[in-house]
Structures are given as structure tokens and as C-alpha cells.
There are 2 protein chains.
Amino acid sequence: MSYSMPHDDRLPLYQRLRDEFAARIAGQQWRPGDAIPTEAELVKAFGASIGTVRKAIDMLVADGMLERFQGRGTFVRRKRFESTMFRFFRFQNEAGERRIPQARILRRECVVAPSAVAAALRLPAGAEAIQMTRLRLLDDTPLLVESIWLPRERFAALLDIDTHDFGDLLYALYEERCGQVVASAEETLTAESVDAMHARLLQIQAGAPVIVVERLAYGYDRQPLEWRRSRGPADQFRYHVEIR
Amino acid sequence: MSYSMPHDDRLPLYQRLRDEFAARIAGQQWRPGDAIPTEAELVKAFGASIGTVRKAIDMLVADGMLERFQGRGTFVRRKRFESTMFRFFRFQNEAGERRIPQARILRRECVVAPSAVAAALRLPAGAEAIQMTRLRLLDDTPLLVESIWLPRERFAALLDIDTHDFGDLLYALYEERCGQVVASAEETLTAESVDAMHARLLQIQAGAPVIVVERLAYGYDRQPLEWRRSRGPADQFRYHVEIR
DNA sequence: AAGTGGTCTAGACCACCTG
DNA sequence: AGGTGGTCTAGACCACTTT
């Protein structure tokens with residue numbers, strides 16, 4: 001294994017180590033679920049002292065890219081992004097069980113990205129995008145309508161698959177079929193009165209309040225991969241924050 | 001200065017130091033804005049090594065209780081909690097300037113705390129609480145209706161002040177008049193259709209969507225100090241999160 | 001028993017800020 | 001110039017997990 005470290009010499013060593021480790025995760029040399037080399041091995045390989053190596057690892061743990069287990073090792077974290085909506089919506093049935101909602105693709109087409117979407121995904125004006133509309137349901141009750149936009153270039157493989165075979169976990173599909181791994185995301189929450197179309201899809205009364213979540217998902221290389229806007233009934237919504 | 005450290009001997013030293021430092025901040029021996037002793041002094045006073053003292057300080061910096069400045073020192077952070085609503089609501093006028101909204105106390109009374117409030121504030125059943133209703137406005141436009149509950153015992157001094165003299169920053173008043181300093185908070189967001197009373201106060205249409213923010217504020221000693229529920233028009237609301 | 005991360009030491013030298 | 005936090009070293013010993 002070659003331990004090249006160009007980077008910027010002005011940066012502290014622990015920063016350069018952090019970047020080097022992050023690059024290995026991004027480059028799939030260290031894969032999700034795998035153990036990374038032990039601290040002792042990293043010390044030897046990079047010629048840094050244990051404290052410095054640990055500080056670099058600390059940062060990646062804080063970033064959510066690594067996970068430590070005393071006595072076992074340090075592992076690349078498996079991301080479960082499909083479940084982030086659990087932060088916002090109560091995806092539970094009456095018994096209080098938490099379940100993965102079903103997913104139904106209502107539409108999939110290839111269009112020129114609207115300028116707002118192109119800007120978010122950093123695509124040149126006029127670039128093509130895959131647009132999908134997806135309905136999420138729990139026990140056949142609609143919970144969320146999602147409008148999803150993907151850069152056509154990276155995700156062209158999706159156009160060859162029957163939408164009935166997409167399954168319930170889209171990000172797993174991105175990874176398998178397109179080699180695109182979602183590493184982080186930004187979300188913006190707003191609320192509005194539901195319009196006629198979404199009222200029909202969500203089977204709620206016209207004008208009822210809905211929560212709108214806009215999400216921009218990024219790969220390990222910090223390039224935007226996906227933009228989506230999701231709407232769900234406000235009475236199914238609850239979000240908790242701690243402020244310091 | 002006595003450096004007693006009872007605590008739990010099974011805890012790592014850096015944890016015990018963290019707790020000791022946190023206690024000094026809670027006990028106002030280290031006051032907001034003040035520099036704490038230098039790392040070298042803490043090393044000498046506690047007989048720990050520099051790395052261990054730094055780790056304890058690191059934790060309090062991450063908790064937002066301390067702030068470090070290279071070359072200057074480490075300081076107890078001044079909290080500006082009154083501005084947390086800026087996270088959620090657009091407190092801006094047409095020119096985009098960010099302003100502190102005006103505040104108007106609509107009601108202040110002393111009542112037996114309802115059981116939900118008593119539970120949140122960890123008060124015994126039947127304990128008395130101060131209940132206030134406050135309206136926040138920007139350029140005379142209502143933005144937020146707040147229902148606030150305080151343990152009567154700690155906040156009795158508020159009952160002696162004319163509500164017109166409360167000013168726009170409630171947490172500063174708690175500190176000045178009652179010696180109660182808010183150190184952290186938890187907030188839960190939900191949304192609903194506005195009821196008749198709040199529609200009138202907020203001057204919006206009946207049934208329009210409103211965001212509901214419930215906040216429980218804690219002191220440095222981690223005791224709950226205040227519970228409040230705020231409602232504002234959904235179209236003034238926007239919240240942004242990063243997910244990793 | 002062997003191997004892993006967790007805690008802790010006792011310094012050194014550097015970068016930055018203040019008087 | 002003197003003092004502060006920032007970085008880094010080169011270990012030691014402990015707690016926990018796995019074989």
C-alpha cells in the first residue's frame with residue numbers, strides 16, 4: 001500500500017492524516033463495515049506518534065465516517081441514509097413499531113433540469129436530469145410524496161431498470177447500480193398548506209398543513225448527487241433538537 | 001481556592017476534571033466572559049498532565065461552555081439564547097436586516113402547574129408556576145405567540161416587576177433578577193392548523209399552518225428552568241440541518 | 001493469551017496575542 | 001518579551017474483545 005501524502009505542508013499533521021484517511025474511505029480502499037489498520041500500524045506507516053494518529057481518527061469519528069470499538073478495532077461506518085426521514089416523521093404503526101415504509105415509483109423521466117435544480121446539483125444550464133416521483137406508504141397509508149432529481153450522467157444505469165424492481169431503499173440502489181455512495185446531506189424544513197395534487201396523493205384534506213423537506217445529498221467527494229423535495233402531513237411530523 | 005473533587009473514582013480523570021470545571025461555571029466561580037486559569041495552572045492545581053487537562057477542556061468547548069483563543073486564554077462563553085428563534089424563523093424585515101423583535105407580555109399569572117408542565121420542569125404535583133403569554137412582533141407585525149412556564153420558587157422575583165419593564169430579552173431578565181442562567185435547551189418542532197385564538201393573535205387566517213416549537217431550557221446545573229411553547233406562521237419558518 | 005482501543009504521562013517546541 | 005493555547009512526541013499501563 002502506497003502511503004503518499006502530498007497535501008499542504010502548512011496544515012497540521014493530524015489534519016493531513018485526517019484528509020488522507022478520508023480519501024481512503026472516499027476511494028473505497030477502506031470500505032464501509034471494514035476495520036481500518038490498527039493505531040499501531042498507522043503510527044508505523046505514517047511515522048507519526050500515537051496521539052497524533054488518534055486525533056486524526058477522533059475527527060473522522062466526530063464526522064461520523066469512522067466508528068471505534070474498544071478491543072475490536074476502528075471501522076468505516078455503514079451509512080443508513082434511507083432512515084434519515086425517521087428524524088422527522090413518525091414512521092410507526094399503531095403498535096409503535098418502527099418499520100421501513102414501502103416505496104412506489106409513480107413516475108420516472110429524463111428531462112432538462114430546471115435552473116434551481118441544476119444550480120443545486122452544480123450542473124451546467126441545459127443539462128439533463130432524471131426526475132422521479134415516489135410515494136412512501138406504511139401499511140398502505142401514504143406518508144410522503146418525494147420528488148427526486150439526479151444528474152443523468154452519473155445515474156444513467158437507473159433508466160435500464162424496471163421501476164417495480166427499485167425496492168424500498170433508493171440509496172442502496174444508487175450504490176449497487178451506479179457506484180454512487182451518499183456520504184452526507186443537508187436538509188431544509190418548511191411548512192405550507194397542501195395543494196390539490198399532493199392532497200390527493202397523500203389522501204388528506206385540501207389545505208391541510210404539510211411539512212416540506214428539501215434534501216441535497218453529497219458523495220464522499222463532496223459533489224452533490226441527488227436533490228429531493230418531500231412532503232408529508234404535518235400531524236405525522238415531529239423533530240427534536242438540542243441547543244447549546 | 002479549594003480544589004475538592006469527590007465525584008466517582010471509577011470515572012476517567014478527564015471526565016472528573018470536566019465535571020469539576022462545569023461545576024465552577026455552574027457555581028459562578030468562573031463567570032461568563034472571564035478567562036479560566038491557564039492550562040499550566042490547572043495542571044499544577046489538579047496534578048494531572050497537560051494532555052488530560054486539555055481533553056477535559058476540549059469536552060467543555062464541544063459542549064459550548066468554554067471558548068479558546070490561542071495566545072489569549074480560555075473563556076467562559078457568553079450565551080445569547082434569546083436569538084435561538086433565529087434558527088427557525090425569519091426575523092427579518094423586507095430589507096433583509098436581522099433585528100431583535102419587540103416583545104409584549106399579554107398575561108402573567110401564578111397558577112398550579114398542569115401535570116405535563118410539572119413533569120417537564122420536574123416539579124412535584126400541585127406545585128405553583130408562573131405562566132406568561134408573550135407576543136413577539138417585528139415592525140408591529142406579530143411573528144410569534146409564546147406561552148411560558150416557570151417554577152414559582154426560583155422566579156418569584158419576576159412577580160414584583162411591572163410587565164411593561166420586562167424588555168425584549170427574557171433570559172437576560174432571568175439572570176439579572178432571579179440569578180437563573182440558561183445554559184442549554186431542547187426544542188421539539190411540530191406543525192398544526194392554527195386555532196381561532198392564535199389566528200387572532202397572529203393576525204392570520206383561521207386554519208392556516210403554524211409551526212409549534214416547544215422548548216425546555218436548562219441551567220448549568222442541568223435543572224430545567226423554563227418550559228415554553230411558541231407558535232408562528234409556517235410561511236415565516238425555515239430550518240436547515242446537516243446530516244452526517 | 002494476544003490484540004485492540006482507552007487513558008495518562010511529562011515534557012518539547014511552535015504560533016499567536018498582549019503589553 | 002512574556003504568556004497563552006496549538007501541536008507533537010514516545011512511550012506506559014489499563015479495559016475490553018476475540019481466539
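Proteins come first, then strands; the chains are lettered A, B, ... in the order of their sequence lines, and each starts at number 1.
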Is a side-chain N or O of [X] found less than 3.5 angstrom from the main chain of [Y], in a donor-acceptor match?
X	Y	answer
Arg177(A)	Leu158(A)	no
Glu67(B)	Val61(B)	no
Glu41(B)	Thr38(B)	yes

Which whole-number value in Å describes the distance from [X] [atom1] to [N] [atom2]?
X	N	atom1	atom2	answer
Leu17(A)	dT7(D)	CG	P	13 Å
Gln15(A)	dG6(D)	CD	C1'	12 Å
Glu41(B)	dG5(D)	CD	C1'	13 Å
Tyr14(A)	dG5(D)	OH	C1'	12 Å
Leu13(B)	dA15(D)	CG	P	14 Å
Leu42(B)	dC8(C)	CG	C1'	17 Å
Arg16(A)	dT7(D)	CZ	P	12 Å
Arg54(A)	dT7(D)	CZ	P	17 Å

Side chain to side chain, Leu216(A) and Leu121(A), heavy atoms closer than 4.5 Å: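 In short, these two side chains touch, coming nearer than 4.5 Å.
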Would you verify whether the NZ or CZ of Arg72(A) falls within 45 degrees of the ring axis of Phe75(A) while also being under 6.0 Å from that six-membered ring's centre? yes
Can you give me the N/O atom pairs linking the protein to nucleotides 12-19 of chain C at distances under 3.5 Å, or say none if there are none?
unit_1	atom_1	unit_2	atom_2	d
dC16(C)	O4'	Gln70(B)	OE1	3.2

Evaluate side-chain hydrogen bond (donor to acceptor under 3.5 Å, both in side chains) for Glu226(B) paired with Tyr174(B), printing each intermediate quantity in order. CA-CA 10 Å; Glu226(B) 178 210 58; Tyr174(B) 294 171; 2.7 Å; yes
Taking the side chain of [X] as heavy atoms from C-beta outward, which of [options] is closest to it?
X	options	value
Glu39(A)	dG5(D), dG6(C), dC8(C)	dG6(C)
Lys55(A)	dC8(D), dT9(C), dT7(D)	dT7(D)
Thr74(B)	dG5(D), dT7(D), dG5(C)	dG5(D)
Thr52(B)	dC8(D), dT4(C), dC8(C)	dC8(C)

Work out which heavy atom in Ala103(B) is nearest to a heavy atom in Asp168(B); give both atom names and the distance. N-OD1, 3.1 Å
So what does Ala35(A) hit on the nucleic acid, given a heavy-atom distance under 4.0 Å: a base, only sugar-phosphate, or nothing? nothing
Under 4.0 Å between any heavy atoms, over every strand shown, what does Ala40(B) touch: base, sugar-phosphate, or nothing? Just pick one.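 Contact class for Ala40(B): none.
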